[in-house]
Number of protein chains: 2
Amino acid sequence: MPKRVVAESERRRRRPTKQGAVLSERHIVLTALRMLREHGSQGLTVRRLGLALGADPSTLYRYFRGMDDLVLAVGDELIGRAFDGWTATGDWQTDLRALGLRIHRSYLAHPQAAVLTASRVSGRPHEIAADEAVLDVLHRAGFPVADAVRIYHCFIDQALAFAALDAASLALPAAAREADEAVWQATYARLPESTHPRIAAAAGHLVAEMNVSAYPAALDMLIDSAAARLGGGEPPPGRAA
Amino acid sequence: MPKRVVAESERRRRRPTKQGAVLSERHIVLTALRMLREHGSQGLTVRRLGLALGADPSTLYRYFRGMDDLVLAVGDELIGRAFDGWTATGDWQTDLRALGLRIHRSYLAHPQAAVLTASRVSGRPHEIAADEAVLDVLHRAGFPVADAVRIYHCFIDQALAFAALDAASLALPAAAREADEAVWQATYARLPESTHPRIAAAAGHLVAEMNVSAYPAALDMLIDSAAARLGGGEPPPGRAA
DNA sequence: GACCTTATGCCAACGCCATTGACCAGGACA
DNA sequence: TGTCCTGGTCAATGGCGTTGGCATAAGGTC
């Protein structure tokens, strides 16, 4: 039993598996991502992963403390991908918007993985780099540090929170997802005006609106509000109760 | 095997269980809620639920199609509670803020349940009532229907998304949660200024800020932005890519 | 190239889990 | 009182994560 997992950087002996595969943290993470895509967010199991890797399931525990540890590593991979090839333009609103959309898009590219990881904090390298980048954009925009931290907090949580939410519906198996959309059409569009006047009045708009993500609009509202505060010299909203 | 679950309203024979308990949908939902609190978000299992109810585990399938169906019912219970005792004041900003905070608070009162339910759409009665209430507030505020729908979408998704995100950290078992916070202190506060200047400069603020929810501030920013649009006559932000 | 250490892969087993089909007790209603 | 069928129980199936013990070959040293 693996009392302690060996850190990837200190790994020396890369013994091939019975079926000839050579394992590594990254190889396992990428395989996990593929399995999540193919089998859904419930479909990542140690046994299946072992099968896909050509290794005994228990071998995983030489690389990760358990399933949960692996999931965090998968999440960090997604954050890392969001920043691939990004460079700051110098205009903070443009940069913030681009970063938000990149994070959101990166998670939604792997909805089944995003469901498991988007609400987790790992403290892994890519995550830290992302935080530094956002704080840097706000600093250059001229926000005092206290305001920058508050806006940063709203920004990063909003991005992750919407990623998790939007991923959840994308990650549903096709059948369930169509059922969900059918619920919107069938349930909401059919509510009588007498009991649900606002829904009835908005039914057409709702069906169209609810099939796309609200994140871009919500992000723009956040940036708008921050910009107004920066211009007017007021502090950003504090936190209520 | 229960090919079809009998609707609660059509249930007639309430046969007591071997151990004398009388079951109902709501009783099961409330028990599930209690078990989630006591055993964590992974701790809701059919077997344990049966034990807690004083019934055979398989009995659950007479009331819900499966675990997933039960989870949706638990979620609707939480939405319902958010609206308990709420009445509109007529001031749309006040009302919207109150509703957002109520939803957020209701989910966070049961973090382990919120993790499972906050990103799910059920189409159940309480959920529909909530949608009607929000649309009604926006309508009375004077937003044209298209704008109202877009703001409603941002509002409801942001509330649920933050609820899910914040619940996730609250729902961690005490040990893991302290480890998470320790990561913040240890990892972030210790990053050298040379490689992570912005994090280093903001370290003190970060440690304080990251332990509370960003939702109230994010909500205020959303309302601010909507108010500016209403005043200025501009439409709210559309959706980008 | 031989030897030693030990990292790393494999095996078997444990105790969970959700779900199902067959069965039957007993409440509802005629 | 007799019939029907809801809503309980029981037993079984095939999965799951995780662990302890073991075997073996990789890498370092001489």
Side-chain angles (χ1 to χ4, degrees), chain A residues 1-28 31-32 35-36 39-72 74 116 173 176, chain B residues 1-28 31-32 35-36 39-72 74 116 173 176:
Chain A
M1 161 235 184
K3 287 205 170 197
R4 189 120 189 206
V5 173
V6 177
E8 184 70 4
S9 53
E10 296 164 12
R11 232 167 246 288
R12 306 187 164 283
R13 309 187 184 169
R14 318 217 81 118
R15 168 133 79 118
T17 197
K18 213 172 202 177
Q19 301 171 41
V22 175
L23 303 181
S24 70
E25 261 191 26
R26 189 166 164 87
H27 181 211
I28 295 177
T31 306
M35 299 202 36
L36 282 166
H39 297 97
S41 46
Q42 304 293 335
L44 178 63
T45 75
V46 177
R47 300 173 119 87
R48 250 208 286 247
L49 189 55
L51 202 66
L53 287 167
D56 187 89
S58 65
T59 309
L60 175 75
Y61 295 86
R62 301 281 183 202
Y63 290 83
F64 299 94
R65 279 199 303 278
M67 208 55 174
D68 196 67
D69 201 23
L70 169 60
V71 163
L72 290 181
V74 169
L116 300 182
Chain B
M1 161 236 185
K3 286 205 172 198
R4 189 116 190 210
V5 173
V6 177
E8 185 71 3
S9 54
E10 296 164 11
R11 235 167 246 287
R12 308 187 165 282
R13 308 186 185 167
R14 317 216 85 117
R15 169 136 77 116
T17 196
K18 214 172 203 180
Q19 301 171 40
V22 176
L23 303 181
S24 69
E25 260 189 30
R26 188 166 164 89
H27 181 212
I28 295 176
T31 306
M35 298 201 36
L36 282 166
H39 298 98
S41 45
Q42 304 294 334
L44 178 63
T45 74
V46 176
R47 303 173 115 85
R48 255 212 280 253
L49 190 54
L51 202 66
L53 286 168
D56 188 89
S58 63
T59 310
L60 176 75
Y61 295 87
R62 301 281 182 204
Y63 289 83
F64 298 95
R65 279 197 304 275
M67 209 54 175
D68 196 69
D69 201 24
L70 169 60
V71 163
L72 291 181
V74 169
L116 301 181

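It should be emphasised that the depicted structure is a prediction, and the values quoted were computed from it without experimental measurement.
Applying the 4.0 Å criterion to OP1 and OP2 of D/dG8, one finds that B/Tyr63 has a side-chain N or O inside that range.
Nucleotide D/dG7 holds its P atom 16 Å from the CG atom of B/Leu53, rounded to whole Å. Taking atom CG of residue A/Leu44 and atom P of nucleotide D/dG17, one finds them 8 Å apart after rounding to whole Å. Protein atom CZ of B/Arg48 is 10 Å distant from nucleotide atom P of C/dC16, rounded to whole Å. In this structure, A/Gln42 places its CD atom 15 Å from C1' of C/dT19, rounding to the nearest Å. Going from atom CG of B/Leu60 over to atom C1' of C/dC17 covers 14 Å, rounded to whole Å. A straight line from CG of A/Leu49 to P of D/dC16 spans 12 Å, rounded to a whole angstrom. The distance from atom CE of B/Met67 to atom P of C/dC16 is 16 Å, rounded to the nearest whole Å. The CG-P distance, from B/Leu51 to C/dC16, rounds to 12 Å in whole Å.
Interatomic distance, B/Arg47 CZ to B/Ser58 OG, rounded to the nearest 0.5 Å: 10.0 Å.
Residues satisfying the side-chain hydrogen bond (donor to acceptor under 3.5 Å, both in side chains) criterion with A/Arg48, sequence neighbours excluded, are absent altogether.
Nearest nucleotide to the B/Arg62 side chain, out of D/dG8, D/dG20, D/dG21: D/dG8. Taking only side-chain atoms of B/Leu23, from C-beta outward, the nucleotide of D/dT18, D/dG8, C/dC11 with the closest atom is D/dG8. Closest to the side chain of A/Tyr61, from the set D/dG17, C/dT20, C/dC11, is D/dG17. For B/Thr45, counting side-chain heavy atoms from C-beta on, the closest listed nucleotide (D/dT9, C/dC17, D/dT19) is C/dC17. Considering only side-chain atoms of A/Asp56, the nucleotide from C/dC10, D/dT18, C/dA18 that sits closest is C/dC10.
Within the 4.5 Å cutoff, side-chain heavy atoms of A/Val46 are placed close to those of A/Tyr61. Between B/Leu70 and B/Leu49, some side-chain heavy-atom pair lies under the 4.5 Å cut-off. Side-chain contact check for A/Met67 versus A/Leu44: some heavy-atom pair is nearer than 4.5 Å.
Each of A/Arg47 and A/Thr59 lies near DNA chain C, and the nucleotide nearest A/Thr59 is the one positioned closer to the 5' end.
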